[in-house]
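So you know, we letter chains A, B, ... as the sequences are listed, proteins then strands, and number each from 1. Note that the structure is predicted; figures quoted are calculated from it, not measured.
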Number of protein chains: 2
Amino acid sequence: MRPKLTLKQIARELDVSISTVSKALKDSPEIGEDTKQKIKAFAKLYNYKPNNIALSLKNRKTKTIGIIIPEIVHYFFTTVISGVEQVANEKGYNVIVCLSNNSFDREVLNLDLLANGSTDGFILSLAKETMQKEDYHHLTEVINQGMPVVLFDRVVDEVHCDKVIIDDIIGAKKAVEHLIETGCKKIGILSTVDYVSVGKLRTRGYIEALEENDFPVDEDLILKIEDMENSEKEIGEFLKTRDVDGLFAVNEQFAVSAIGALRRQGRNVPEDVSVVGFTDGELSKNFIPSLTTVSQHGTRMGAEAAHLLIDKLERKPDEVESYKTVIVETSLVRRESTKN
Amino acid sequence: MRPKLTLKQIARELDVSISTVSKALKDSPEIGEDTKQKIKAFAKLYNYKPNNIALSLKNRKTKTIGIIIPEIVHYFFTTVISGVEQVANEKGYNVIVCLSNNSFDREVLNLDLLANGSTDGFILSLAKETMQKEDYHHLTEVINQGMPVVLFDRVVDEVHCDKVIIDDIIGAKKAVEHLIETGCKKIGILSTVDYVSVGKLRTRGYIEALEENDFPVDEDLILKIEDMENSEKEIGEFLKTRDVDGLFAVNEQFAVSAIGALRRQGRNVPEDVSVVGFTDGELSKNFIPSLTTVSQHGTRMGAEAAHLLIDKLERKPDEVESYKTVIVETSLVRRESTKN
DNA sequence: TTTCAACACGCAAACGTTTTCGGACGTTGA
DNA sequence: TCAACGTCCGAAAACGTTTGCGTGTTGAAA
C-alpha cells in the first residue's frame with residue numbers, strides 16, 4: 001500500500017523546494033528546462049495528481065455541484081440527473097446527489113451539509129413536505145451566502161433564483177386537446193391534491209383546454225388523489241361510476257392504473273376509453289398498449305439547469321444579478337393508448 | 001450577500017484567538033465558562049458551521065463515498081443508490097454519484113477524479129466496456145493507495161476487494177424451477193452475450209435447472225442478445241419459430257418485449273406461454289399482466305455495500321485486511337405472467 | 001513575601017496547494 | 001571593476017480547521 005504522492009514528497013525526493021515542484025508541473029517559465037523535465041518525469045512516473053481538497057480550499061471552490069431531489073427511484077428524476085451529469089462533466093464539474101425523500105428536515109440537513117464548502121451551487125427540486133410547509137428559509141439563506149441555486153420541476157415563486165420548469169398548463173392542454181381531436185366527448189382527469197403544484201397546474205390546463213373547446217367542465221370527472229399508496233384502488237372506484245371516453249392522467253402511474261382498472265371493467269383502451277399520461281418513462285414505452293404521453297424531457301431540463309448554474313458560477317463578480325426561468329417545452333408522444 | 005462565517009472572523013469580532021474560538025465551540029475545558037458562552041452565542045446567532053473542505057484537509061478524510069455506476073436511468077441502480085444513501089446518511093457520510101455510461105474511459109476518469117481527495121472510498125459496478133477489455137488497473141491502483149472499494153452486481157474476480165452480489169445462478173434456477181413446477185415443458189431463455197457476466201451466469205442457472213430436472217437443454221431455445229437497441233425485433237424473430245411454453249428473460253425489458261411479441265403472434269401469457277423476468281422494477285409491477293420476476297433487492301445490496309465500505313473506512317489501521325463477498329438472496333415474486 | 005498550582009488563553013504547526021516576492025548567482029556592457 | 005540585469009529558485013503567506021504546548025495571570029498556601 002503506497003499512499004498518495006504529494007508535492008512535498010516530490011520536493012524532498014528531488015531535493016528542490018515545494019514551490020519549484022508546483023511551478024515545474026505547471027510549466028512555469030520561472031523554472032529551468034532541465035529541472036522541469038526532471039520533475040515532470042518523476043511526477044509522471046509515480047503518477048502524481050494534485051489533491052482536490054487542498055485545491056478546493058485554496059481556490060475557495062470545489063468544482064462540484066449538488067443536486068437534491070425528493071426521490072431517486074423515479075424515472076423523471078434520473079433523467080434529470082443524467083442531463084445534469086452530462087453537462088457538468090463537460091465543464092469539469094462533479095455531481096453530488098442527495099435525497100430528501102420528500103422530507104423537509106432531510107432537505108434542510110442535506111442543504112446545510114453541502115453548503116458548508118462541499119459544493120459550489122445547487123440544483124434542486126423541492127420536497128413535497130417543503131411545499132406544504134411553505135418554508136423556504138433554508139434556500140434563501142444559502143442564496144444569501146452567495147451560492148447559486150437552480151430550482152427545477154417543483155419550484156416556487158417565493159424563492160428568487162434561476163428555475164427550469166415545463167409549462168404544465170400547456171402540456172396538459174396538449175394532452176386534452178389530443179383527446180378532443182381524436183374524438184373524445186367526455187374527458188376525465190386523474191390528478192393529485194392541489195398542494196402538489198404540478199397536479200394543480202395540470203388540472204388547470206385540463207380545465208382551460210375544455211373551456212377553450214366549449215366542453216363543459218364537470219367537477220365529477222376530476223379525481224384528486226392524495227394517497228399514492230392506494231391510488232390504484234381509488235382510481236378503480238372512480239372509474240366504475242364514470243362514463244368517460246377520454247382520460248388524462250397527470251403521471252404514468254395513474255395512467256397504467258387506470259388502464260388496468262378499465263380493462264377489469266371490460267372497457268378497452270383505446271377503443272372505449274383513450275388515455276394520455278404525463279412523463280415519458282419506461283412504463284409508457286413498454287406498457288401494452290404503449291402510452292400516449294406528454295414528455296417532459298428530463299434530460300434536457302437537467303442540462304438546462306446545469307448550464308444556468310455553471311453560468312452563474314463562472315460569471316465575473318461584477319456582472320449584474322439576474323434570474324432566468326427557462327421553460328422546457330413538452331411534447332406529446334403519440335402511442336397506442338389513444339386513437340390516432 | 002453575506003459570505004460564510006469563519007473561525008477567524010469570529011475571533012476578530014470577539015477579540016480572542018482563533019484557537020480559543022475553536023476550542024470554545026468544541027466545549028473544551030481549557031476555555032473559561034463565560035468566554036465559552038459568549039463565543040457559542042455569537043456562533044449560534046450568526047449560524048456558524050465549520051467548513052467541510054478545511055476539515056477534510058485536516059483530517060485527511062472527506063466523509064463522502066463515491067458511487068460509480070454504468071447508468072442511472074435504470075431502476076435497479078437507482079434502488080442501489082437509494083440503499084447506499086440511506087445507510088451512508090445514517091453514518092454521517094455523503095454520497096457522490098458518477099456515471100460511467102458503460103464507457104471504460106469515463107470510468108477511469110471518474111475514478112481518478114474522485115480518488116484525489118474527493119472521497120474516502122468507492123462503491124461501484126463495472127462498465128460493460130471495462131468487462132470487455134478486462135482492464136482493471138485503475139481499480140487495483142486505487143485500492144493500492146489504500147482506498148477501500150466495494151464492487152457490486154457487475155463484479156470480477158481479478159479485483160481484490162469487498163463485493164456484494166446476488167447469486168445469479170440460484171436466482172435463475174428459481175425462475176426456471178418455477179416454470180417447471182407450473183407445468184412448462186419447453187422452456188426458452190432470453191439472455192445477453194456472455195461477456196455480460198450476469199447474462200452468462202443466469203444462462204448457466206437456466207441450464208443447471210433444466211439438467212437437474214431432467215429436461216433436455218436445447219441450444220436452439222437460447223437467445224443471446226447483443227444489441228440492446230434492437231432487442232425487441234430480435235426477440236420477435238426468435239419467438240416466431242420457437243414453440244416454447246415457458247420463457248425466462250434475464251431482465252425486465254426482454255420479458256415485456258417477449259410478451260408483446262407473443263401477443264402479436266396470438267399467443268397468450270400466461271395461458272400459452274409463461275414468462276419470468278429478472279429485476280423487480282416499475283415495469284414488472286405495473287405491466288399487464290404483471291410480471292413474475294426474480295427480485296434482486298437493490299436497496300438491500302446498496303445498504304450492504306455501504307456497510308462494508310464504512311466498516312473498512314472506520315476500521316482501526318492495525319486490523320488485518322480481509323475481503324468479504326456478501327451474497328444477497330434473490331426472491332421470486334409471483335405475479336400474473338406465470339400460471340400459479 | 002515568595003512559591004506554585006490551576007486556570008484561561010494564545011502561538012504555531014499541520015493538512016496540500018498556489019503564488020507573490022525577493023534572493024543568489026552568473027553574465028554582460030561600459 | 002563594478003553596476004545592471006537575467007535566470008533560476010526558495011521562503012512564506014494564504015485557504016479554514018484542530019491541537020499540543022507554552023505562557024501569563026490569579027489566588028492561595030507556605
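- Using a 4.5 Å heavy-atom threshold, the side chains of B:Asp162 and B:Val164 count as separate.
- As judged by a 4.0 angstrom heavy-atom cut-off over every strand, B:Ser19 is placed among the base-contacting residues.
- With the end axes of the helix from C:dT1-D:dA30 to C:dA30-D:dT1 each set by five pairs, the angle from one to the other reads 90° at 10° resolution.
- Nucleotides of DNA chain C nearest to A:Thr20 and B:Asp15 differ in position, and the one nearer the 5' end is that of B:Asp15.
- Taking atom CZ on A:Arg60 and atom C1' on D:dA14, their separation rounds to 9 Å, with Å as the unit.
- Taking atom CG of residue B:Asp27 and atom C1' of nucleotide D:dT18, one finds them 16 Å apart after rounding to whole Å.
- Distance CG (B:Leu25) to C1' (D:dT19): 15 Å, rounded to an integer number of Å.
- First and last contacts of DNA chain C with chain B, using any nucleotide atom under 4.0 Å from a protein heavy atom and ordered 5' to 3', fall at C:dA8 to C:dG16.
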Item to complete: Let me have a per-nucleotide readout for nucleotides 21-26 of chain D, 5' to 3', with B, S or -, counting only protein heavy atoms under 4.0 Å.
Response: B-----
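- Annotation: side-chain hydrogen bond (donor to acceptor under 3.5 Å, both in side chains) contacts of A:Glu85 (sequence neighbours excluded): A:Asn89, B:Arg106.
- Taking A:Thr130 as the reference, A:Glu107 meet the side-chain hydrogen bond (donor to acceptor under 3.5 Å, both in side chains) condition, with sequence neighbours excluded.
- Pairs of residues two or more places apart, or lying in two chains, that qualify as side-chain hydrogen bond (donor to acceptor under 3.5 Å, both in side chains) and include a residue from residues 67-84 of chain A are A:Tyr75-A:Lys285.
- Each of B:Val21 and A:Lys26 was assigned the nucleotide of DNA chain C with the nearest heavy atom; the assignment lying further toward the 5' end belongs to B:Val21.
- Atom NZ in B:Lys58 sits about 19 Å away from atom P in D:dA14, given to the nearest Å.
- Considering only residues two or more places apart in sequence or on other chains, B:Thr299 meets the side-chain hydrogen bond (donor to acceptor under 3.5 Å, both in side chains) condition with none of them.
- Sequence neighbours left out, the pairs with a member in residues 111-129 of chain B that pass side-chain hydrogen bond (donor to acceptor under 3.5 Å, both in side chains) are A:Lys4-B:Asn116, A:Lys49-B:Asp112, A:Asn52-B:Ser118, B:Thr62-B:Asp120.
- The shortest non-hydrogen separation linking B:Ile65 to B:Leu313 is CG2-CD1, 4.4 Å.
- Within 4.0 Å (heavy atoms only), B:Leu55 reaches sugar-phosphate atoms of the nucleic acid but no base atom.
- Residue contacts for B:Thr6: at a heavy-atom cut-off of 4.0 Å it reaches the sugar-phosphate backbone alone, with no base atom in range.
- Rounded to a whole Å, the NZ atom of B:Lys63 is 16 Å from the C1' atom of D:dT18.
- Using a 4.0 Å heavy-atom criterion, one finds that B:Thr35 contacts the sugar-phosphate atoms exclusively.
- Remark: A:Glu141 pairs with B:Asn47 by the side-chain hydrogen bond (donor to acceptor under 3.5 Å, both in side chains) rule, at least two apart or across chains.
- Counting only residues at least two apart or in different chains, salt bridge (charged side-chain N to carboxylate O under 4.0 Å, His left out) contacts with residues 130-139 of chain A are absent.
- Whole-Å rounding puts the A:Leu14 CG to D:dC9 C1' distance at 14 Å.
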Can you list, pair by pair, the side-chain donor-acceptor contacts under 3.5 Å of residues 148-161 of chain A, counting residues two or more places apart and other chains?
unit_1   : atom_1 : unit_2   : atom_2 : d
A:Arg154 : NH1    : A:Asn102 : OD1    : 3.1
A:Arg154 : NH1    : A:Leu126 : O      : 3.0

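- As rounded to whole Å, 17 Å separates atom C1' of D:dT17 from atom NZ of B:Lys49.
- Among the atoms of the strands shown, base atoms are found under 4.0 Å from some heavy atom of B:Leu57.
- Taking B:Leu57 as the reference, A:Ile53, A:Ala54, A:Leu57 meet the side-chain contact (heavy atoms from CB on, under 4.5 Å) condition, with sequence neighbours excluded.
- Here CD1 of B:Ile68 is found 9.0 Å from CD1 of B:Ile96. Values are rounded to the nearest 0.5 Å.
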